[in-house]
Amino acid sequence: MLLRVKDIHVHYGPIAAVRGISLEVGEADFVTIIGSNGAGKSTTLRTISGLNHPSSGSIVFDGEPIEQLSADRIVKLGIAHVPEGRRVFKDLSVTENLRLGAFTRTDRDAIEADLEQNFERFPRLRERKDQIARTMSGGEQQMIAIARALMSAPRLLLLDEPSLGLAPVIVQEIARILVGINKTGTSIILVEQNAELALQLARHGYVLETGSVALEGEADGLADNPHVRKAYLGI
């Protein structure tokens with residue numbers, strides 16, 4: 001198993017944001033976490049990537065405990081996080097943004113190969129490789145954020161609401177790209193309020209409610225679950 005999160009509790013001061021969440025991600029796996037606002041989805045990703053530390057519980061990545069490691073150390077181990085909100089370096093070019101994603105690496109030839117691969121994966125970024133990020137559309141900035149994360153050569157990619165605020169045609173393009181990334185062997189944890197899309201893409205899913213796992217199972221089974229259909233799919 002690539003990642004095991006076991007019974008983590010996360011607090012913001014006295015407030016418990018996550019209460020005993022456990023989940024697993026295998027090699028080349030695609031897992032989604034769905035739930036309403038405030039359910040603990042983003043906090044779970046932030047805790048896996050080292051931006052938060054759990055009050056208790058364990059996080060093991062490729063056999064190594066990481067729950068108390070710094071975020072930069074976790075990147076070096078092979079976990080990349082694309083946070084909500086398309087946080088690109090707005091005054092830098094597309095290429096400069098992508099190169100910053102490889103800041104932990106020293107294998108220059110492989111970095112150049114990965115840069116080229118990301119331009120193949122995101123043709124719009126190649127077309128605009130010298131353009132300043134703040135002048136680009138929301139969808140294009142989301143592509144920069146994903147490509148920048150991939151430049152760290154992760155084994156596990158964490159994505160927080162990549163479809164938020166984007167036009168449907170761009171959402172479908174990004175969904176197609178995520179499937180392609182997963183097929184190359186990169187595992188993915190996708191946090192997504194668009195539950196229908198998330199369950200279409202993922203193999204396994206977790207439903208969070210008030211900081212705890214309320215349901216889990218194969219994605220197609222969750223899509224047929226009456227509670228999920230009513231609460232998250234609007235059916």
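Side chains are part of it too, since the values below use all heavy atoms of this structure and drop only hydrogens, waters and symmetry mates. Residues: numbered from 1 along the sequence shown. In this text the structure is predicted, and so the values were computed from the model without any measurement.
- Residue Y232 comes nearest to S36 through the heavy atom pair CE2-N, 3.8 Å, listed as atom of the first residue, atom of the second, then distance.
- Here the side chain of T43 pairs no donor or acceptor atom with the backbone of G40 at under 3.5 angstrom.
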Side chain to side chain contact (heavy atoms under 4.5 Å, CB included) between N52 and Y12, worked out: CA-CA 9 Å; N52 295 123; Y12 294 114; 3.3 Å; yes
Working for side chain to side chain contact (heavy atoms under 4.5 Å, CB included), residues V31 and L190: CA-CA 6 Å; V31 170; L190 172 65; over 6 Å; no
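- Residues V169 and V179 share a hydrophobic cluster, clusters being chains of Ile/Leu/Val/Met/Phe/Trp/Tyr side chains in contact below 4.5 Å.
- Under the 4.5 Å side-chain criterion, counting only non-hydrogen atoms from C-beta, L3 is in contact with I189.
- Here the side chain of N225 pairs a donor or acceptor atom with the backbone of V228 at under 3.5 angstrom.
- Between I144 and Q142 the shortest side-chain heavy-atom distance does not fall below 4.5 Å.
- Hydrophobic clustering (side-chain heavy atoms under 4.5 Å, transitive across Ile, Leu, Val, Met, Phe, Trp, Tyr) groups I146 together with I170.
- The hydrophobic cluster containing V75 does not contain I79, counting ILVMFWY residues as joined when their side-chain heavy atoms lie under 4.5 angstrom apart, directly or transitively.
- Side chain of E161 to backbone of Q193: a donor-acceptor contact under 3.5 angstrom is found.
- No donor-acceptor pair closer than 3.5 Å links the side chain of T47 to the backbone N or O of P54.
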Derivation of the side-chain hydrogen bond (donor to acceptor under 3.5 Å, both in side chains) call for H9 and S55: CA-CA 5 Å; H9 293 251; S55 310; over 6 Å; no
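- Annotation: salt bridge (Lys or Arg N to Asp or Glu O under 4.0 Å) contacts involving residues 15-42, sequence neighbours excluded, comprise R4-E24, E27-R155, D29-R203.
- Using a distance-only test at 3.5 Å, with no hydrogens or angles considered, no donor-acceptor pair links the side chain of T32 to the main chain of G205.
- I21 and I188 are assigned to two separate hydrophobic clusters, defined by single-linkage of ILVMFWY side chains at heavy-atom distances under 4.5 Å.
- S58 contributes atom OG, which lies 10.0 Å from atom CD1 of I66 (distance to the nearest 0.5 angstrom).
- With rounding to the nearest 0.5 angstrom, the CG atom of L156 is 9.0 Å from the OG1 atom of T186.
- Pairs engaging residues 92-103 under the salt bridge (Lys or Arg N to Asp or Glu O under 4.0 Å) rule: R99-E112 [sequence neighbours left out].
- Looking only at distances, no side-chain donor or acceptor of N182 sits under 3.5 Å from a matching main-chain atom of L178.
- With a 4.5 Å cut-off on side-chain heavy atoms, L159 and E192 do not count as touching.
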Trace of the side chain to side chain contact (heavy atoms under 4.5 Å, CB included) decision for Y206 with I34: CA-CA 6 Å; Y206 295 84; I34 62 174; over 6 Å; no
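- Closest approach of S152 and A149 over heavy atoms only: OG-O, 2.8 Å.
- Using modelled atom types, no side-chain atom of R134 and backbone atom of L92 make a donor-acceptor pair closer than 3.5 Å.
- E209 CD: more than 12 foreign heavy atoms inside a 6.0 Å radius.
- Closest of all the heavy-atom pairs between A71 and L51 is CB-CD2, 4.1 Å.
- V88 approaches A145 most closely through the heavy-atom pair CG1-N, 4.1 Å.
- When all heavy atoms of R87 and P83 are compared, the pair lying nearest together is CD-CG, 4.0 Å.
- Formation of a donor-acceptor pair under 3.5 Å by the S187 side chain with backbone atoms of A28 is found in this model.
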Pair D160-S42, side-chain hydrogen bond (donor to acceptor under 3.5 Å, both in side chains): steps then yes or no: CA-CA 7 Å; D160 195 350; S42 294; 2.7 Å; yes
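- The shortest side-chain heavy-atom distance between L98 and F119 falls under the 4.5 Å cut-off.
- No more than 12 heavy atoms of other residues, nucleotides or ligands shown are found within 6.0 angstrom of CG on D109.
- The line from CG of L157 to CZ of F30 is 9.0 Å long, rounded to the nearest 0.5 Å.
- Two residues are said to be in side-chain contact when any heavy atoms from C-beta on lie closer than 4.5 Å; I132 and K90 fail this criterion.
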Criterion side chain to side chain contact (heavy atoms under 4.5 Å, CB included) on K76 and R105, from CA distance to verdict: CA-CA 8 Å; K76 290 178 182 178; R105 301 172 59 184; over 6 Å; no
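- Looking at heavy atoms from C-beta onward, V18 lies out of side-chain contact with L208 at the 4.5 angstrom threshold.
- To the nearest 0.5 Å, atom CD of residue E140 and atom CZ of residue R128 are 4.5 Å apart.
- In this structure, R121 CZ and L150 CG are separated by 5.0 Å, a value rounded to the nearest 0.5 Å.
- At least one side-chain heavy atom of M136 sits less than 4.5 Å from a side-chain heavy atom of V94.
- Taking hydrophobic clusters as Ile, Leu, Val, Met, Phe, Trp and Tyr residues chained together by side-chain heavy-atom distances below 4.5 Å, L77 shares a cluster with L23.
- If you take CG on L233 and NE2 on H227, they are separated by 10.5 Å, rounding to the nearest 0.5 Å.
- Between D114 and Q117 there is a side-chain heavy-atom pair separated by less than 4.5 Å.
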Stepwise side-chain hydrogen bond (donor to acceptor under 3.5 Å, both in side chains) test for E67 and H53: CA-CA 6 Å; E67 64 271 6; H53 295 301; over 6 Å; no
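- For E116 (side chain) and A113 (main-chain N/O), no donor-acceptor pair under 3.5 Å exists by modelled atom type.
- The residues R46 and E84 are annotated as not salt-bridged, no charged nitrogen and carboxylate oxygen being separated by less than 4.0 angstrom.
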